[in-house]
Every structure is written in C-alpha cells, then in structure tokens.
Amino acid sequence: MEPKNIKPIPKSIESKIRRLDKKDCPAQKGLRFYAYLTTLDKELVKITVAMRNNRRGEQFIKQVAVHGVYSDNCLVRDLEYCYLGICAYRVGWYDEGIHTTRPYYNDGKWYPTPFKYYNPFAKVVNVGYAVKQPDFKYSMADKYDCACIITYLRTYLEYPQTEYLIKLGLGKFAQSKVILKKVGTDKKFAKWLISNKNTLANNYYYSNAIVNTYRHGTSLEQEQAKQRLKIELRQNNFEDFKRTFGKGFEQLCQYITDKATSLSNYQDYYNACTYLHLDMEQPKNRFPHDFKRWHDIRIDEYATAKALADKEEREHLYEKFAAVAEKYLPLEYDKQSVFVVIIPHSPADLVREGNILNHCVGRMNYDQRMIREDSLIFFIRNKADIETPLVTVEYSPKSKQILQCYGESDTRPNAKIMNFVNKKWLPYANQQLQQIAA
C-alpha cells in the first residue's frame, strides 16, 4: 500500500458515515470511529475514519488508518494509542483548529506499523463491497458481524470453511482456528456440528471443549468445566499442581468436575494432606470418594496440627500480620456504595470470618500468604451491617487480580456484589497499590 495512492473519502461514503453517526451518536460529542471498504493498489482495504465536533458544533472527519487484506503493515495518520484505565485512542485535530498546540503524533503524514496495531473498532458502512470482489464472493462477509472485517477475510482466505459455519448459524466460531481446522479435515465432525448446532448456537463453549466432546463422546458441560479449570490453573498460577500432576492433570480436572468442587478447594485439601505427611500417591488420598467429607476432615486436622506447631510463634505472627494489614490499609473501600471493603488485622479475624461463613480462610495458610504478601484477604460487608461477614476476597498484589471471591459455604456471590468487587473496588485497589509502591 502506498500512501500517495490513498484517495479522499468518496462523497457517497461520507454521506453514509454522517447519517450513521447522527443515528448512533445523536449527542454529537466525543471521538467516534467509522470505516469503509475500498480498493487500494488492487488490494481490498478497510479505511478507518475519525469524527469529532468542536465546541461550535462543526463536524470534522478524516482518514486515520488503512488495513489491507494482504499487507503485513497498516498505515496510520494522526492516530495514537493510549492507556487511560481502558484501551483507547486519541486523534490529533490541530489542523482542524481543535488543539491549541500540535500534538507530537499529529503531523498529517502516513506511517507504516504492524497490522495488529491502531485498529479501533469501527462500523463498516459498505460491508457489501467485500462480496463484490472475486476472492470474497462466498465469504459471507455481509452476513457476519465481526470486530474487524479485514481480520475475518484473512481467516476466510486460509479457511474457506468459515462460510459453512456461518450458514450453519455458528458464526461465533468462524474465527476459531481450532474449529476451522477440524471442519476442514474431518467430515464426521462437520456432521456432528450440524446435529448439535442448536445447543452450540444458544450457549457459550470453548473451542477445545467442543472438539474434545466430539473426540471422547463426553458431554459439552463436562468438557467446558475442564477447560475452565485449565484456564483457572493458568491464570491463578497453580504451579504446584502443574509439577505434581503433570500429565495426570487431566484426571484431576475430571475428578474436580465430577465432585462439583473447585480447584482452589482441592488445593486447600492437597496442601493440608501434604502438611499432615499423607502419601498423596495413594488414590484414596489423592482422589477420595467423598471429597467434601474428607476435605473438611483434613482441613480440621491441619488446623489443629498447625495451631500446636505455631504456638510459640503466634505473637510474632500477629505482629507481622498487623504490619501487613497496616501497609495495605489504603486498599480499604468506604465510598458511595452499599458495600464496604475492610482488611483483617489479625489471624483471629480470618478464623472468625471462616467460622461464620463456613469456608477455609481461617483454617488454611491464608495468614502465612498474607504475611509473605503473596496474597491479601479482604472482607466485603454491607455498610449497614459492617460487623456481619458477607463475602471474602483473596487478592494478589503481584498480578493485581482477584484470586478467589466466595460467600457462605464457598458459594459464588450474586451479580450485584461481583459487579461491586470487579468494577468499583478492584480498580480502586490497583490504583492505591500503585501509590503504595511509589
């Protein structure tokens, strides 16, 4: 793609963009992106345009990015990627009279950059243009709603079977290379998709879960649960289980799925057994028939043994715990919400929380994790009843993520509480953590 060959926005396309913008953004405020398809140097390209109004209501529109089906690089002009709590872009409008000083990225020149960058989501106003091109006549691009049509068309060139999935009503998998490769090499799998298309279309399943269900003759729910466990293992850094189970991790996932428990619960059980010097190579210890019963027994035995071992160090333990709590006190939350977040100040607070909510926070080694600052425990309470335990959160100051969030008897909190934890407290906690580090 040569920048010199980029033509101005066609009048018909500009009219379509302005009509769509008036419909989608009636307030006519803020930065907006739209796109259109055209041909540049005999290549199908998507040209992204930016729109903005000044204070007098004057509307400006200009081309800011060009992405081609066959090009490794895209072209970018007056566009900058930035991180402002969420992924965002900014556009320079100095020549349009909006900026008082010219931003460093706003010189009006086109620059090449790798394809994956500077590709903001933008509605394409002439998506039918794609299927008029010989290479994409059967791509179903005009029937498929995707984040980036050029990325989809690239996938179509490599895997023409995307057309088959879209016609089946399984467009959600049209860019899954795992599914596409399998459809292209296994006709029986394609027939299996047809027989299960209603279930697949109406529910969300991981691609690997779908392929494994077909291969093993298991249920989709079972394979989906196993995939969730693998993702949890990867995201929450259960390194001990990776080393301990190795290839046997598949069996562990199957066991956890069958027992309707969680990887975290099993880790607590496994750590308790290890502390008690039980032989975890024996199936009766590794995979007890009644997991819940033996989980509770081993946790109680662990708590007793640990209490005796730590008796002499308890005073020192309380001092260290209190120091960590004081350090991370700014992460407590008491703002405009029906919920508050408080940090425990002693191991006894963890024990009380665990006893009332009937979970492991007071019986496993969460106090030691907190002292080492591997993870921190926080209590979610109703502001109107701050003394009564409601939900317990385990937070990693290293990854700045929620590791666990459970209510009574390890139940998942309702959507209102989860929204508060993820949308209000977590961003606030991460911001406070940066100030502590500074």
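Keep in mind it's a predicted model, so treat the numbers as computed, not measured.
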Query raised in the report: Under a 4.5 Å cut-off applied to non-hydrogen side-chain atoms, are Y36 and K46 in contact?
Result: no
Requested in this report: Tell me whether the centres of the aromatic rings in W294 and F287 are closer together than 6.0 Å.
Outcome: no
Report task. Please identify each residue that fulfils side chain to side chain contact (heavy atoms under 4.5 Å, CB included) with D186, with sequence neighbours left out. Result -> K182, K188, F189, Y214
Query raised in the report: When the ring centroid of W425 is compared with that of F339, is the distance short of 6.0 Å?
Result: no
Query raised in the report: Sequence neighbours excluded, which residues qualify as ring-ring contact (aromatic ring centres under 6.0 Å, His included) partners of Y164?
Result: none
Report task. Assert yes or no for the condition that the ring centre distance of Y144 to Y152 is strictly below 6.0 Å. Result -> yes
Report summary line: Those residues at least two apart in sequence (or on a different chain) that pass salt bridge (Lys or Arg N to Asp or Glu O under 4.0 Å) with R369 are D268, E394
Query - Nearest heavy atoms of I343 and Y328, plus distance in Å - result: CD1-CB, 3.9 Å
Report summary line: In short, L79 meets P120 closest at the heavy-atom pair CD2-CD, 4.5 Å
**Report entry** CZ (R372) with more than 12 external heavy atoms under 6.0 Å
**Finding:** yes
Report task. Using the ring pair (Phe, Tyr, Trp, His ring centres under 6.0 Å) rule, take Y333 and F378 through it: C-alpha gap first, then chi angles, then the decisive distance, then the call. Result -> CA-CA 10 Å; Y333 190 93; F378 290 91; over 10 Å; no
Query raised in the report: Got a donor-acceptor contact below 3.5 angstrom from the D41 side chain to the E2 backbone?
Result: yes
Query raised in the report: Is a salt bridge present between R154 and E158, judged by a nitrogen-to-oxygen distance below 4.0 Å?
Result: no
Query raised in the report: Backbone N or O of S337 within a donor-acceptor pair of the K383 side chain at under 3.5 Å?
Result: yes
Report task. Without swapping roles, check the side chain of N419 against the backbone of A415 for a donor-acceptor pair under 3.5 Å. Result -> no
Requested in this report: I would like to know whether Y206 and N212 meet side chain to side chain donor-acceptor pair (under 3.5 Å); could you show each step before the answer?
Outcome: CA-CA 10 Å; Y206 295 110; N212 288 337; over 6 Å; no
**Report entry** Heavy-atom closest pair, residues A141 and A130
**Finding:** CB-CB, 4.1 Å
Query raised in the report: Does some side-chain heavy atom of T218 sit less than 4.5 Å from a side-chain heavy atom of K226?
Result: no
Requested in this report: Take Y269 and F291 through the test ring pair (Phe, Tyr, Trp, His ring centres under 6.0 Å) and record every step on the way to the result.
Outcome: CA-CA 9 Å; Y269 165 79; F291 176 76; 5.4 Å; yes
Requested in this report: Could you tell me the separation between the NZ atom of K116 and the OG1 atom of T151, rounded to the nearest 0.5 Å?
Outcome: 12.0 Å
Query raised in the report: Do any N or O atoms from the side chain of Y255 and from the backbone of P288 form a donor-acceptor pair under 3.5 angstrom?
Result: yes
**Report entry** Contact summary for P397 and D374, nearest pair of heavy atoms
**Finding:** CD-O, 3.7 Å
**Report entry** Ionic contact status for K398 with E373, cut-off 4.0 Å
**Finding:** no
Query - Non-hydrogen atoms of D24 and K123 that approach each other most closely - result: OD2-NZ, 2.8 Å
Query - With R381 via side-chain hydrogen bond (donor to acceptor under 3.5 Å, both in side chains) - residues at least two apart - result: E353
Report task. Would you please test E43 and S71 for side chain to side chain donor-acceptor pair (under 3.5 Å) and show each step? Result -> CA-CA 9 Å; E43 178 183 14; S71 298; 2.8 Å; yes
Requested in this report: Could you list all the ring-ring contact (aromatic ring centres under 6.0 Å, His included) pairs where at least one residue sits in residues 95-115, not counting sequence neighbours?
Outcome: H67-F115
Requested in this report: Can you see which heavy atom on K172 is nearest to which on A201, and at what distance?
Outcome: NZ-O, 3.1 Å
Query raised in the report: Which residue pairs pass the side-chain hydrogen bond (donor to acceptor under 3.5 Å, both in side chains) test when at least one of the two sits in residues 130-141, sequence neighbours left out?
Result: Y70-D135
Requested in this report: Give me the one residue out of V391, V340, V338, V341 that meets side-chain contact (heavy atoms from CB on, under 4.5 Å) with F420.
Outcome: V341
Requested in this report: Please test Q28 against D21 for side chain to side chain donor-acceptor pair (under 3.5 Å), starting from the C-alpha separation and ending with a verdict.
Outcome: CA-CA 8 Å; Q28 298 288 283; D21 181 60; 3.0 Å; yes
